[in-house]
Amino acid sequence: MLESLKINNFVLIPSINLELYDGMTVLTGETGSGKSIVLGAISLILGAKADKDEIRAGEDKAELEAVFRSERKALLSLLQEKGIDVDDGYIIIRRQIKSNGRSLYTVNGVSITLSEGQEIGRLLVDITSQNSSQSLMKKDVQRRMLDSSSDIRTALNSYSSSFLELKDLEGERSSLLENLKRIQEDRSYYEYSLNELENAELRLGEDDEIKEKLDIASSSEFLVEHLNDVRSSLDEASKSLSQALTSLSKAKGKDENLEDFYCRLESCSIENDDILQSISEHLSSYSFDPYELEQLNSRLALLQRLRKKYGGSIEMAISRREELKGLLSSSQDDEMRLEQLEKAINDKRTECLEKADILHSLRLRRAEKLEKSITKTLKELSMESAVFKIDISKDSLTEHGYDRISFQIAPNKGEKMSAIEDAASGGELSRIMLAIKSNFLDSEDVETLIFDEIDTGISGHAASNVSSVMKEISRTHQIIAITHLAQIASKADNHILVSKKVEKGRTVSHLGYISGDDKVMEIARLLSGDGSEIALEHAKSLLEV
């Protein structure tokens, strides 16, 4: 529950420190006195978007603080997930709004984002206002309310898990089909390209080797001419060296000192003959016939064309060849996977339908109970002829099942059932909201309920009945109600009067608890707008009931 509220420099409130209590608390006051300011402060603490214009004029920041105490498991579990420690169930939320647009938002000293504040706030306080009555007209809000019981939530979680798996399978199938379609459209081109690349039998560096051979071929005439000259000279030298060796061999027979010269000359002769042999062999490599040259040029042209067509290099062309192999091979794998997916999707859809059937049955069962209890509550709220119905019809599968849910009502006897947004007036909508809220409380993780002028459009006996229902709710929940009705104010355990005064040339809103004669006077004002004797007597009688 909300135990205290501090407000500093917020709109017309310079500073308040308000203690709050169990049971039913009402806020009353003249129009424009500042009741909505209090609700605005609480809304900001619960994650509403801030506006720097709400900072009290002349101040550079507004500061808000709320102290809650709760033992609700869902709330404490959420706070634990966000790394927020809670001692003895106390939850202190602070929000600071600065004129420079910056703000500070913490829970038990831990900084949080606006969305996190809203998430936490939804588990702390439920605000019912004319705007929230309008939200009741939204089908997704109606569905969430119907699904708030633990057994439906469990079934819904199980279904949602299967539905997400179904969507994943369908997404994979869609991607496969798109890929197969693309490959199928280009298959002929892919097959032609792969055939062309495979027939070329590409080899890294081959183009450079061919270029080198062709360069040599273009210079072969020059090389052959000069190498033939070299060979002729070496041949003459061989003959001369042979004659020299013969003469030196004869001479060394007479002079042993010539042996060294003979050995050296013999080595020169051997080396000369070896070079002559190698040059002769090398000359044979320069013999290119026209057919071979034509083949080399043709091969080089093919390599250059493939290189240009498939990425700019032989390496890229080889890479493209392997890529095409993979594409055409994967299409076969994809077709097999597609068959598997179709079966998996059918099986998963069957599973989803079975779980949706369970969800549908649980919703029907709960709807039947709620229809009776809400219709009963509407009668207690002076809508004696009203009949409430939760229409559940089957539609296509969504993440929430296949049910289409609509809250419907026949406000008066003899009228047909219609969606509440089409059949309810403003005053009726407020009572319908209250009836629905009072019957959904057992399944909500919220201890504090705020009712913001939901009494609009009702009076008399209907107002008394509304106050009785709110009083009944306050036995199990903390109720804070902003009201203009004396019937509601008279039922309050705690009564806060909001007033507006001019102090030192500035307008200031004040809040304070009232009791005794002050409370009688305020209820009399709500009844008649003044403190007449008749109004005072009526006020006293209301308080005595």
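Just so you know, these numbers come straight off a predicted model, no measurement behind them.
Heavy atoms from other residues, nucleotides or ligands lying under 6.0 Å from NZ of Lys309 number more than 12. Within 6.0 Å of atom CD in Glu178, 12 or fewer heavy atoms from other residues, nucleotides or ligands are found, so the atom counts as exposed in its surroundings. Crowding of Glu368 atom CD: a count of heavy atoms from other residues, nucleotides or ligands under 6.0 Å not exceeding 12. Remark: Gln80 CD is loosely packed, at most 12 non-hydrogen atoms of other residues, nucleotides or ligands lying under 6.0 Å away. Heavy-atom neighbours of Lys252 NZ from other residues, nucleotides or ligands within 6.0 Å: above the threshold of 12.
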Show every donor-acceptor pair shorter than 3.5 Å between a side-chain atom in residues 47-55 and any protein atom, with sequence neighbours excluded, or say none if there are none.
unit_1: Asp51; atom_1: OD1; unit_2: Asp53; atom_2: N; d: 2.9
unit_1: Glu54; atom_1: OE1; unit_2: Asp51; atom_2: N; d: 3.4

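Of the possible polar contacts, none joining the Ser298 side chain to the Glu294 backbone as a donor-acceptor pair under 3.5 Å is found. Remark: the backbone N or O of Ser242 is not paired with any side-chain donor or acceptor of Ser269 at under 3.5 angstrom. No donor-acceptor pair under 3.5 Å is formed between the side chain of Ser174 and the backbone N or O of Glu170. A side-chain donor-acceptor contact under 3.5 Å links Ser43 to the backbone of Leu39. Within the 3.5 Å criterion, the main-chain N or O of Met145 finds a donor-acceptor partner in the side chain of Ser148.
Residues Glu351 and Lys348 are paired through a salt bridge, judged by an N-O separation under 4.0 Å between the basic side chain and the carboxylate. We find that Asp235 and Arg231 are not joined by a salt bridge, their nearest charged nitrogen and carboxylate oxygen being 4.0 Å or further apart.
Between Val125 and Ile127, the shortest heavy-atom contact is CG1-CG1, 3.9 Å. Ile210 and Leu296 get closest at one heavy-atom pair: CG2-O, 3.6 Å.
The side chain to side chain contact (heavy atoms under 4.5 Å, CB included) test applied to Glu342 returns Arg173, Leu338, not counting sequence neighbours.
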Evaluation steps, salt bridge (Lys or Arg N to Asp or Glu O under 4.0 Å), between Asp126 and Lys437: CA-CA 10 Å; Asp126 181 89; Lys437 286 281 183 182; 2.6 Å; yes

Step-by-step side-chain contact (heavy atoms from CB on, under 4.5 Å) determination, Val107 to Ile91: CA-CA 7 Å; Val107 176; Ile91 301 153; 3.8 Å; yes

Steps toward salt bridge (Lys or Arg N to Asp or Glu O under 4.0 Å) verdict (Glu196, Arg305): CA-CA 11 Å; Glu196 180 179 47; Arg305 181 174 65 81; 2.9 Å; yes

Stepwise side-chain contact (heavy atoms from CB on, under 4.5 Å) test for Gln142 and Ile420: CA-CA 11 Å; Gln142 296 173 11; Ile420 57 173; 4.0 Å; yes

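A distance of 4.5 Å separates CG in Asn199 from CG in Asn195, rounded to the nearest 0.5 Å.
Applying the side-chain hydrogen bond (donor to acceptor under 3.5 Å, both in side chains) test to every pair with at least one member in residues 94-110, sequence neighbours left out, gives these pairs: Glu63-Gln96, Glu65-Arg94. Among residues at least two apart or in separate chains, salt bridge (charged side-chain N to carboxylate O under 4.0 Å, His left out) pairs with a member in residues 108-120 are Lys82-Glu116, Lys82-Glu119. Pairs of residues two or more places apart, or lying in two chains, never qualify as salt bridge (charged side-chain N to carboxylate O under 4.0 Å, His left out) while including a residue from residues 269-278. Within the structure, salt bridge (charged side-chain N to carboxylate O under 4.0 Å, His left out) pairs that include any residue of residues 200-212 comprise Arg203-Glu209, Glu206-Arg299, Asp207-Arg307 (at least two apart or interchain).
Neither side chain, Tyr159 nor Glu354, offers a donor N or O lying under 3.5 Å from an acceptor on the other.
Ring pair His360/Tyr402 is tilted by interplanar angle, where 30° to 60° counts as tilted.
Relative to the ring axis of Tyr90, Arg69 places its NZ or CZ within 45° and under 6.0 Å from the centre.
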